[in-house]
Structures are given as C-alpha cells and as structure tokens.
Amino acid sequence: MPTSSHTFTCNLCESACGLHVSLETAEIDGDVRVAGIRGNPDDVISHGHICAKAHGLGELLQDPHRVRQPLARVGDAWQPLPWVDALDQAATRLRAIQKQHGRDAVAIYVGNPVVHAHRASLGSQLLTAVLGSHNRFDPNAQDSNPRLFAALQVYGDPLAIAVPDVDRTEFMLILGANPFASNGSQMVLGDARARLRAIQARGGQLVVVDPRRTETAAAADWHLAIRPGGDAAMLLALLHVIFAEALWQPARVAHLATGAAELAAIAQRFAPERVAGAIGVAATEIRRLARAFAQAPSAVAYTRVGVCQSPFGLAGNWLTEALNLVTGRTDALGGALFPQASADIGPIARLLLPQPMARWHSRVRGLPEFLGSLPSAVMAEEMTTPGPRQIRALVCLAGNPVLSTPNGPQLARALQNLEFMVGIDFYRNETNQHAHLLLPPRHVFETGHFPLLTHRFGVRHALKFSPPITQTPDETRDEWQIATELALRLRMPRWLHPPLRRLARNLPEQLIDLLLRLGPHKLRLAELARQPNGVDLGPLLPGRLGAVARTPDRRAQLVPAAYLPELARLDAWLEARPPALELVGRRHVRDNNSWMHNLKSVAKGPDRARLQMHPDDAQARGLADGQRVRVASRVGQVDATLEVTDAMRRGVLSLPHGFGHAQTPGLPLAQELAGPNANALTDELHVEPILGSSILNGVPVTVEAADVA
Ligand SMILES: Nc1nc2c(c(=O)[nH]1)N[C@H]1C(S)=C(S)[C@@H](COP(=O)(O)OP(=O)(O)OC[C@H]3O[C@@H](n4cnc5c(=O)[nH]c(N)nc54)[C@H](O)[C@@H]3O)O[C@H]1N2
Ligand SMILES: Nc1nc2c(c(=O)[nH]1)N[C@H]1C(S)=C(S)[C@@H](COP(=O)(O)OP(=O)(O)OC[C@H]3O[C@@H](n4cnc5c(=O)[nH]c(N)nc54)[C@H](O)[C@@H]3O)O[C@H]1N2
Ligand code: SF4
Ligand SMILES: [Mo]
C-alpha cells in the first residue's frame, strides 16, 4: 500500500497541535487510511505535544459509522439520496416554511467545532445571514458569553480578550478552568502542562480556585476549594483587602482605567469575613491570596468556563478583569496582554454587529440577543409554544444541543414535533437523529485548517495554515460548499448559480489571505502554506490597551453600570442557605464535549462518566464507591456510578457533560458506553438574569441509591 507522510494540525481544541500524519491509500478502491499520527516536534506552537484525541481525529477519517452520503429519514429508517436532491429538498422545505410563517420560523444552531474550522465558520455565517432568522443559537450561552460580555463592558469590545502572559508571569491565579484536561481555553498553550509547570520551575506560583481538586489543582502550589458560584464574592473580597491595605497601583490604574473609587466603595461591603462562610474559603486564605497576588513581581488572574457557567458568571468575569486592572497587571509583562490577531475579524464583526446586544428578544421569555444569538435555554419553549414566530424548523450545524444545553431531554421532545430539521454532521447524534435530512461534512484533512477565530488567543503570536492533505473518494462536502449550495437555492435564480458557485469556491481562503495581508504581521496564506511547522511572530506586547479599548476615553471601565443589579443578587445569595448538594461539570483529556465517544482510541479506558462525591457526603447518605445512584434535580433525573473521592469539596458533586448515548443507534460504540446526560439535570429556567446564559454549575440536586424507587 502506498504510504505518504504529511504535516498537519489537530483542530479538536484551540491548541492546534502540530501533527505528522501518515496515510495509506488502498490500491483497489483508493480508500485512504491513517497509518499513524505523531506529534510534530518542530511545530512552533505545540513542540511535539499531542493528546489522545489526536488519534481519534485519525480514526474519524475512516470511522465506518460516519455518515458518508446525504441521508433522509423515513420513520426510523435512513435512506441515502443524491446531493442535488438533498439540497433541493432542504431549500424547498426551508423556503416554504419561511414563506408561510415568516423568517423566524426557521432556527439555526451552530455548534462548537465550527470555531475550529474556517470553512465551516464562514459557511455558518453565510447560512445564518441567508436564513435571516432571529432564532439563532450557539454554545456561547453555555460557554463564553459572560466573558465576552465582560470584554464589552470593561473594554468596549467583546473581542478585547486579554490572554495571560503565561511564559513570563510569576503568579498565575486560575479560577474555574482545568487546562491540564482542557489544554486551555481562550489561551492557546500548545502543551498546557509543560507551559504551566514552567511557571513553577522559574520560581513562580500557580494557584487554582475550583470546587474540585482537578489535575491542574493537584499540580498547583495552592488550591482553594471554593463553593460553586463563590468566585464573584471572593474576587470582591480580594479587592476589599487590596484597597484596604493600599496594595493597589493608583498611578497605573489612573492610566489604565476609570472607576477605581466606585470599585473600592463596592468592595468595601465585601470583607473576607463576610463572604468566607458562604463561599467556603477562610478569610485568612482570602487575605493571604490578596497579598500574594498584589505583591508578586508579576501576576495574572485567568478565568474560564467553570466561572462562566456558574450562578455569578457575569460578575465573576467582570471582577477578574477588575482584579487584573487594579493591581496594574492588565497590559503589563507577565500579566494579561492583548494579542494582535494576524487575521483580525474584528472590523468585519463590528460592521456586521454595530450594536452587540438586545437588538431583539426571545418571543416567549423575552431574553435578549447577544452577539447575534439568543440563549439556548429558550430553544425548546420557542419550538413548543404556539403563536407567530414559533420555531417550526431547525438547521443544526456541528452541534448536539440535546447533550449540551440545559434540559436537553425537553429539547429532544421538542425536536420530534418540528415540521422539518436538517443536520450537518459526521454522525446521527442525539440531536440530529430527529432530523429529516442529514448532510455529511468533510474531514479536516480534506478541508485544510486555519485557526481563524482562535489564533487571537495565543500566549505568543504564532500562526499556521495546513492545506488539505487528502481527498477521500466519498460523498461528503465541506460546510462552505453546503452553505453556498443552500444559499443559492434559497435566494438566487437558477441562472446565477454557476457563476456564483465559481466565485464562491475559494472565497474563505481568499478572505483569510486578505485579512492576513491587512493584518499587523503582513502575511500571505500561500507563504504560510510553505511553512508547515508554522511561524513564530514573537511574544505578546504590553501597552496595547489604548489601541484595543473602544470606550470613549480608551481606558477600561472598572464599574460598568450593567453589573450593579448583580450586586444585590449576590448579597441575597450570601445570606441564603445553600442546598445540601450542588452539581458542577468537568472535562477529561480524552473526551471532547459530546462527540468522540464512537471512536475506540478516545472512548477506551476506565469509566469517565462517574458522579464524584466527597466521602463525608457519601457516608451521610449510606452510599458506597462503585454503587449506582440516582441524581435528581428540578428538571429530571439520571443514573450514574458513584465515585467517592476526597478530590471533591463537601456538598459538591461533579459529573462531566457529553455522555447520555444510550438511545443513539447512530453511534453504536458510544451507545454501549451510554453514560448519564448531565444536561438532563441542568435547568433551562434557572438562567443568569442579564444575558440569559445557562447556569450549568452549582445546580441543586439530590442523590440516592438507584434501586430506591
Ligand atoms: N479534553 C477536552 N478538552 C477540551 C474540551 C473537552 O470537552 N475535552 N472542551 C473544549 C471547550 S469547548 C472548552 S469551552 C474548554 C473549557 O476549558 P476549561 O475552562 O478549562 O474547562 P473545564 O476543564 O471544564 O474546567 C472547568 C472547571 O471549573 C470548575 N468549576 C465548576 N464550577 C465552578 C465555580 O463555580 N467556580 C470555580 N472557580 N470553578 C468551578 C470545575 O470543577 C472544572 O474543574 O475546553 C476545551 N478543551
Ligand atoms: N453541563 C454542561 N454542558 C455543557 C458544557 C459543560 O461544561 N457542562 N460545556 C459547554 C460548552 S463549553 C460547549 S462548547 C458545548 C458544546 O456543545 P455543542 O457545540 O452543541 O456540541 P458538541 O458536543 O461539540 O458536538 C459537536 C457536533 O458536531 C459534529 N462535528 C464535529 N466536527 C464537525 C465538523 O467539522 N463539521 C460538522 N458539520 N460537524 C462536526 C460532531 O459530530 C458533534 O455531533 O457544550 C456546552 N455544554
Ligand atoms: S491538545 Fe489534543 S485535542 Fe487539542 S489540539 Fe492538541 S492533540 Fe488536538
Ligand atoms: Mo466550549
């Protein structure tokens, strides 16, 4: 069998690890098989690091359960059909529904993998624009919205995301993130473990705030096992100490930001002694952390999904920015720096989104649009509540909201009553097994990879473009092609299709090339293609806040008015009695959200979907390690295997999301793995009040032995 060797990029997470891929081509049918995958030691970002998921990416190329041609569902059976028929059918149905019921009757959900695929991400933009519906959804409501909102409020631009200067900091405070498992989020690290350990190796400190002693927390110098949702109060208490003990940097803050006096007045109400009991971190610890953070030669606080998904995700993200600003860490070496995107989508985003929020509201609950999307928590009610603008059809592109959004089972029921649904996915997953049509995308080896959206989160300026390395002779199409074909059919007369199709063919790469040329590093896509290991463009630079901030005076705002109502809610939370058990999520390095469990190389190994509980909580309920238990919340219940571990804080349980495959015949291996759907417990009605983003951590639950009726 002829073998060829290629340099490529893993696109399963932000790290964009460099790969050496060897491919074998079968002489008889021309089938391409992955013979091996190794880390590329010369890659400028990952330096040879890869994780188990990279092998899954190889396996995905040849997974026999992947959908390889368009399928139409008739009852429970799926029948192949030619692309032209599938596309015609999709366009005809979507157009008819929009004609009869208005544009909002067709919703679109665009899932996470699109973030890591340039053709899919531009394709999803095209499709969304062409559908013109207000009912647009994506995982941001489960993920980054509180962080993007903080960037908007504090710096005036949702894209003004500061990245920790990991390579130079002497003190890194991590709240609600587990980079040893996730490999970093909105922070491209290459090899997270190596890069974070290097902080300690040069004498710096790593501090982790997390209700669970995670892999990252276990390696840290200091772990504070906070109660879920406690971060905002803890950050206010840190600020309290920093202002009270004059540990802040007034001269530098005056240069960076406005509102220090107001912030000090707010923080004054949150003494460590006041918040300690409710957040489960001793006042002495809070005071010690405040001093250590403020007095370190350099320091940075970094927060991610654990805080975003918590009851005070908005305030938690705001106050993390505030802590970095007040101690002079923002925009300083070893602090939080604003990278220069080599291909900046900012100007286009600002053109398309001149006003970033509340341009419309959801019909039933009145929750606001943010950055062009509505909160996922309203999806099901918008499908099932009759009336004008009711959702009657859905396009689901690279998403699995039945496993990834609050009260997923309710959504699954709502999907069954849609008039029409199209899925664009490798698999008949939990969500699009309810579709009427399924359109199969190409593998990243066949589309090429450019980290259009994520390269702006690099801890160094570095960039890589991996052109396609193979074309499998199957009936799959990339999402840009699918989107253009649908767009043409939905909105253009037939005679215009051939010229527009030609024009559109390489538009994604042409656009990227243009952005690169206009960008600060003046690159060309063709030049990048000639450097398969990527190009290193140097460290992040301090002193960029003035160029980045879009506030009237180009300084950060320490106390944006939008957050003030959150303080009253926080006061009430601090006084309230906590539920006996609160559920949080977790990630494992071998899992990738909901979708790689049908791949042997990823799914193998010990059960990773166990419910983790502290020994005291287990003992109090007479529960033992390994036992099947029933977890219940306001919205539902799931059975899980109990893992009793002192890695958990008392009163907190941990269950990963992305499992719950028992009813999914399209994923036979995953179906065997089954596992509980954590989002059968999360509550679609209990959302954060300003944006309506989902609260997935700190969910009140009860646990009992599964055999008790
Ligand atoms: N292996 C792997 N890597 C991934 C993914 C994956 O599924 N698997 N997913 C990718 C995606 S889409 C994303 S967004 C990123 C996310 O990357 P991270 O933000 O690093 O996410 P997690 O690993 O889930 O870590 C969140 C942590 O928050 C803690 N936590 C829960 N509630 C609270 C709270 O109220 N306060 C505090 N302080 N902590 C809390 C949890 O215990 C958990 O350890 O990872 C990406 N990388
Ligand atoms: N309880 C709880 N819920 C969570 C989270 C949590 O921590 N706890 N995390 C949230 C976060 S951060 C995220 S990002 C979301 C993720 O949630 P979603 O984006 O809804 O779903 P994924 O699980 O990423 O599934 C992605 C789907 O896209 C398909 N796919 C993969 N690659 C491609 C591709 O290139 N093209 C196409 N067309 N399809 C592709 C996969 O087969 C899979 O079916 O989950 C969120 N939900
Ligand atoms: S860390 Fe793993 S999943 Fe992420 S890019 Fe690297 S190999 Fe791929
Ligand atoms: Mo995410």
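Counting starts at 1 for both ligands and their atoms, following the listed order.
In this structure, the protein non-hydrogen atom closest to atom 4 (Fe) of ligand 3 is Cys13 SG, 2.3 Å. Annotation: atom 10 (C) of ligand 1 to nearest protein heavy atom, Arg587 NE, 3.8 Å. For atom 1 (S) of ligand 3, the closest heavy atom belonging to the protein is Asn183 ND2, 3.2 Å. Of the protein's non-hydrogen atoms, the one nearest atom 7 (S) of ligand 3 is Cys51 N, 3.4 Å.
Between His449 and Phe8, the ring centre distance reaches or exceeds 6.0 Å. A centroid separation of less than 6.0 Å is found between the aromatic rings of His661 and His597. Ring-centre distance between Tyr563 and Phe149: below the 6.0 Å cut-off.
Contact between Asn593 and ligand 1 is present, with at least one heavy atom of the residue lying under 4.0 Å from the ligand. Note on ligand 1: Ser654 sits outside its first shell, no heavy atom being nearer than 4.0 Å. Residue contacts with ligand 1 include Pro211, since one of its heavy atoms falls under 4.0 Å from the ligand. Under a 4.0 angstrom heavy-atom cut-off, Glu14 registers as lying outside contact with ligand 1.
Between atom 8 (Fe) of ligand 3 and Cys10 there is an N/O/S contact shorter than 2.8 Å. Cys17 lies close to atom 6 (Fe) of ligand 3, since one of its N, O or S atoms is found at a distance under 2.8 Å.
Of the candidates Ser404, Ser144, Gly585, Gly306, Gly306 brings a heavy atom nearest to atom 33 (C) of ligand 1. Comparing Gly230, Pro139, Gly229 against atom 35 (O) of ligand 1, the shortest heavy-atom distance belongs to Gly229.
Relative orientation of the His455 and Phe450 rings is tilted, given thresholds of 30° and 60° on the angle between their planes.
Counting the atoms of ligand 3 from 1 in the order shown, those under 4.0 Å from a heavy atom of Leu12 are 3 (S). Short contacts between ligand 3 and Lys53, defined as distances under 4.0 Å to a heavy atom of the residue, involve ligand atoms 3 (S). Atoms of ligand 1 found under 4.0 Å from any heavy atom of Asp231, numbered from 1 in the order shown, are 34 (C), 35 (O), 36 (N), 37 (C), 38 (N). Atoms of ligand 3 found under 4.0 Å from any heavy atom of Ala54, numbered from 1 in the order shown, are 7 (S).
Taking the centre and axis of the six-membered ring of Tyr109, the NZ or CZ atom of Arg136 falls outside the cone set by 45° and 6.0 Å. Both tests hold for Arg329 against Phe293: distance to the six-membered ring centre under 6.0 Å, angle to the ring axis within 45°. Taking the ring centre of Phe270 as origin, the terminal cationic atom of Arg274 falls inside the region bounded by 6.0 Å and 45° from the ring axis.
At distances below 3.5 Å, not a single donor-acceptor pair connects side-chain atoms of Asn533 with backbone N or O atoms of Val44.
Residue-level proximity to ligand 1 for Ala177 is carried by backbone and side chain together, each with a heavy atom below 4.0 angstrom. Both the backbone and the side chain of Ser182 come within 4.0 Å of ligand 1, judged by heavy-atom distances. With a 4.0 Å heavy-atom cut-off, ligand 1 is reached by the backbone of Asn178 and by its side chain too. Contacts between Val305 and ligand 1 below 4.0 angstrom, taking non-hydrogen atoms only, involve backbone and side chain alike. Contacts of Ala16 with ligand 3, taken as heavy-atom pairs under 4.0 Å, involve the backbone alone. When non-hydrogen atoms are compared, ligand 1 lies under 4.0 Å from the backbone of His588 (N, CA, C, O) but not from its side chain.
None of Asn317, Thr320, Val307, Val305 except one satisfies the side chain to side chain contact (heavy atoms under 4.5 Å, CB included) rule with Arg147; the exception is Asn317. Applying the salt bridge (charged side-chain N to carboxylate O under 4.0 Å, His left out) test between Asp591 and each of Lys53, Arg608, Lys604 identifies Arg608 as the sole match.
Rounded to the nearest 0.5 angstrom, Arg197 CZ and Thr216 OG1 are separated by 9.5 Å.
Taking each heavy atom of Gly280 and Arg649 in turn, the nearest pair found is O-NH1, 3.3 Å.
In terms of polar-atom proximity, Gly176 is counted as a contact of ligand 1, with an N or O under 3.5 Å from an N or O of the ligand. Polar contact with ligand 1: present for Lys53 (N/O pair, distance under 3.5 Å).
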